Amino acid sequence: MATVKAQLARGVRDFDPEFLNRRKWLFSQLEEAFMRYGFLPLETPAIELNQTLQGAYGEEGDRLIFRILNSGQYLESLTDEDWTAARSGQINRFTRLVTEKALRFDLTVPFARYVSMNRGNMVFPFKRFQMQPVWRADRPQRGRYREFYQCDADLIGSECLSSEAQMVALYAEVLGQLGFPSACVRISHRKILSFMAEALGLSSQSRAFMVQLDKLDKSGKESMSTYLTEQGVSTEVQKAWWILIEAQPAPPELLALLLQFSSITQSDLPASIMTELETLTHYIEALRVPSSFYRFDLSLARGLDYYTGFIFEVDSGVKGMGSVGGGGRYDNLTASFGVDGLSGVGISFGVERILDLMIEQNLFGDIPIPAAKVLMATTEPDSMHNLLACAQELRTQGIKTDLYAGDPKPKKIFQYAEARQIPVVAILKTKAERELQFVLKRLTDSAHIQVKPQEIQDWVQGNKPWNTQ
RNA sequence: GUGAUCGUAGCUCAGCUGGUUAGAGCGCCUGAUUGUGGUUCAGGAGGUCGUCGGUUCGAACCCGAUCUUUCGUCCCA
């Protein structure tokens, strides 16, 4: 028989029971937190139509979408012209002709599609969370895969700043619980960034300005200064701007700095910004978020351009490791589907990175191991039916019971129990007697005892003392 | 997308400037020992050297292609 080499596709992983136990635990923590804040679960299909995803991520994003080849005689409809175009390298045109479906690239666009399709039956404001894998045809690197989980929560259909405030509280609560005491939500505002661009005389290229700003922590202060000088920003104005960027004070002082910058540059600071900053701060305080868990940081820009209001990014507090989440307010998530006027706030947890960090920082210390409490086994072939009956009795008592399939040597039984982290082994001895007897042995200290079948649960649950000799 | 890089037993790796039957440790299997498992001892199995092609009398080793890994870059989680 011909065999194939057992091999994984590039950039994807298997998940072993130990890893899955941790991931499931993390996801359950997140799920409980979302539910506590009134978010409901939503899932969308792995497969979306090309038209839904096309163009939503820019030209470079398009290239990273995994396409699904059409079924059937999909080449029949191609004209000579199509073939000529394909041979001359017009691969995009060809791709459009032979694929109409693709794997989802993120959770935001499918969510926008869902809201657009179902808005008639939905009650707004609508809150959902979603934890599902997404696929990207990117080149894999450490911590970056072609299949990975995203975890998003959105509140759509309200402009109230209580949404932003609760998102900040949610971040603080979850990361605190998971064991990141130094985590911090950085908060900025797209309108402040626009105001800054305008005040610097860069309003015609505010996009480029924000890209530069977003890269500040990587490319450094000097390259930012060079950029500003190239754009004709005077050193005096630059100096005032750096104060604004680097100060990171809480709103009363932040507002003062903004006003100061506004007067130096003779530009208008929109009044709405000032009230929004104050209101958000009050709301966050009302939610009793410790002040160490958030700070206003106007150097935060974020790459995605659909944000229109407050934006967030979460620093894990572990040095050298960057962001573990981010989000912000958007005004027109569903505009591309012809639905206007839905403002919302979305946040995302970088669950893959959080998992890596928690494993690295040893934060999974005492989560429960899903192992069975007792391993039932026998070395006698004729005893299997009795063994099965006893195991089933324990299971009806709610005790997690594993059963060694077969009648192996004792060595095998104990090695199995040890590998599976099962604390107690129960070996059935029938012998000539009519009554069934089990030898119970506790693996940690080799304490052992002979018991009747109906007594097993008492010992397994620790209700009776072990003979430790 | 782009530049480099890695690939030898289940795992971690040796393997000299190309030269007979490719090695070690750990793990695995068998037997003995053992408090019915953990210790110790003895023995054993397992590799077309990532894949395909080329150079050569001869390739794990040299050359090419391809796949995979890791590291930059683009972008992002």
Side-chain angles (χ1 to χ4, degrees), chain A residues 2-14 16 23 26 56-65 89 91-92 104-109 130-152 211 214-215 218-219 301-305 312-316 321-327 346-357 375 377-380 404 407-429 431 437-450 466-469:
Chain A
T3 60
V4 290
K5 187 177 176 185
Q7 201 178 10
L8 282 172
R10 181 173 217 187
V12 297
R13 305 159 283 171
D14 291 318
D16 61 26
R23 187 169 77 192
L26 171 63
Y57 310 103
E59 208 171 306
E60 277 169 23
D62 264 9
R63 199 186 305 137
L64 301 180
I65 294 173
I91 199 70
N92 288 342
R104 71 168 164 254
F105 185 82
D106 72 359
L107 303 179
T108 306
V109 168
Q130 194 171 348
M131 295 190 269
Q132 289 187 278
V134 302
W135 293 268
R136 295 186 186 180
D138 206 354
R139 179 174 287 208
Q141 280 180 45
R142 184 172 61 97
R144 289 178 66 177
Y145 305 96
R146 295 182 131 184
E147 178 186 58
F148 60 94
Y149 270 86
Q150 282 198 335
C151 169
D152 284 13
V211 170
D214 194 43
K215 291 195 286 195
K218 259 190 183 172
S219 51
R302 287 188 69 72
L304 299 169
D305 51 5
F312 316 108
E313 197 155 296
V314 189
D315 187 36
S316 63
M321 300 303 277
S323 144
V324 289
I347 59 167
S348 172
F349 282 89
V351 282
E352 302 280 1
R353 186 174 276 184
I354 292 174
L355 266 169
D356 285 349
L357 276 174
L375 175 67
T378 182
T379 55
E380 307 160 0
Y404 195 102
D407 43 70
K409 296 188 173 180
K411 183 169 180 167
K412 286 295 229 175
I413 298 169
F414 284 95
Q415 283 177 351
Y416 178 94
E418 201 167 349
R420 291 290 187 319
Q421 297 185 274
I422 302 171
V424 176
V425 170
I427 298 179
L428 176 60
K429 294 278 181 192
K431 294 190 177 170
Q437 283 282 328
F438 277 90
V439 176
L440 286 191
K441 187 154 182 180
R442 189 163 64 181
L443 268 72
T444 46
D445 58 0
S446 293
H448 59 281
I449 192 146
Q450 279 217 354
W466 286 80
N467 170 18
T468 49
Q469 311 198 1

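Just so it is clear: chains get the letters A, B, ... in the order the sequence lines come, proteins before strands, and each one is counted from 1. This one's a predicted model, so the numbers in the text were calculated from it and none came from an experiment.
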Whole-angstrom distance between B:A9 and B:U51, as gauged at atom P: 10 Å
Separation of the P atoms in B:C29 and B:U39, to the nearest angstrom: 13 Å
Phosphate OP1/OP2 of B:U30 contacted by A:K412 side-chain N/O (<4.0 Å): no
Separation of atom NZ in A:K441 from atom P in B:U34, rounded to whole Å: 14 Å
Sugar-phosphate, base or nothing in reach of A:Y145, heavy atoms under 4.0 Å: base
A:L375 CG to B:U36 C1', straight-line distance once rounded to whole Å: 13 Å
Complementary nucleotide of B:A42, counting Watson-Crick and G-U pairs under 3.5 Å: B:U30
cation_pi(A:R420, A:Y416) dist<6.0 Å, angle<=45: yes
Nearest-angstrom distance, C1' atom, B:G54 to B:C61: 15 Å
Heavy-atom side-chain contact between A:Y404 and A:I422 under 4.5 Å: no
For B:G58, the Watson-Crick or wobble counterpart (both distances under 3.5 Å): none
Any donor-acceptor N/O pair under 3.5 Å between B:U51 base and A:Q7 side chain: no
A:D152 side-chain N/O to A:S348 backbone N/O, donor-acceptor pair under 3.5 Å: no
B:C67 to B:A42 separation - P atoms, rounded to the nearest Å: 48 Å
Side-chain (A:E352) to main-chain (A:Y149) donor-acceptor, under 3.5 angstrom: yes
Nearest-Å distance for atom pair CZ/C1', residues A:R139 and B:U68: 12 Å
Any N/O donor-acceptor pair, A:R144 side-chain to B:C75 base, under 3.5 Å: yes
Ring geometry between A:F105 and A:Y57 (parallel below 30°, tilted from 30 to 60°, perpendicular above 60°): tilted
Nearest-Å distance for atom pair CZ/C1', residues A:R63 and B:C76: 14 Å
Rounded distance in Å - CZ (A:F414) to C1' (B:U36): 5 Å
Sugar-phosphate only, base, or nothing, as touched by A:E418 at under 4.0 Å among non-hydrogen atoms: base
pi-stack flag for A:F148 and B:A77, centroid dist under 5.5 Å, interplanar under 30°: yes
Sugar-phosphate, base or nothing in reach of A:L443, heavy atoms under 4.0 Å: base
Nucleotide opposite B:G37 in a Watson-Crick or G-U pair, distances under 3.5 Å: none
P-based separation of B:G64 from B:U12 [nearest Å]: 28 Å
Sugar-phosphate, base or nothing in reach of A:D106, heavy atoms under 4.0 Å: nothing
Value in whole Å for how far the C1' atom of B:A77 lies from CD of A:E147: 14 Å
Complementary nucleotide for B:G18 - Watson-Crick or wobble, under 3.5 Å: none
Nearest-nucleotide 5' precedence on RNA chain B, A:E60 against A:I427: A:I427
A:V134 vs A:F148 side-chain heavy atoms within contact, under 4.5 Å: yes
Sugar-phosphate, base or nothing in reach of A:R142, heavy atoms under 4.0 Å: sugar-phosphate
Rounded interatomic separation in angstrom, taking CG from A:L440 and P from B:G35: 20 Å
A:S446 side chain near A:K441 side chain, heavy-atom distance below 4.5 Å: yes
Rounded C1' spacing from B:U73 to B:U5 in Å: 15 Å
Closest approach of A:T379 to A:P408 (non-hydrogen atoms, all atoms of both residues): CG2-O, 3.2 Å
side-chain N/O A:R10 vs B:C67 OP1/OP2, d < 4.0 Å: no
Sugar-phosphate only, base, or nothing, as touched by A:G61 at under 4.0 Å among non-hydrogen atoms: nothing
Spacing of the C1' atoms in B:A59 and B:G18 (rounded, Å): 6 Å
Whichever of A:G350 and A:A137 has its nearest RNA chain B nucleotide further upstream toward 5': A:A137
Distance between P atoms of B:U48 and B:C52 (Å, rounded): 11 Å
Whole-Å distance separating the CD atom of A:Q141 from the C1' atom of B:G72: 7 Å
Sugar-phosphate, base or nothing in reach of A:V425, heavy atoms under 4.0 Å: nothing
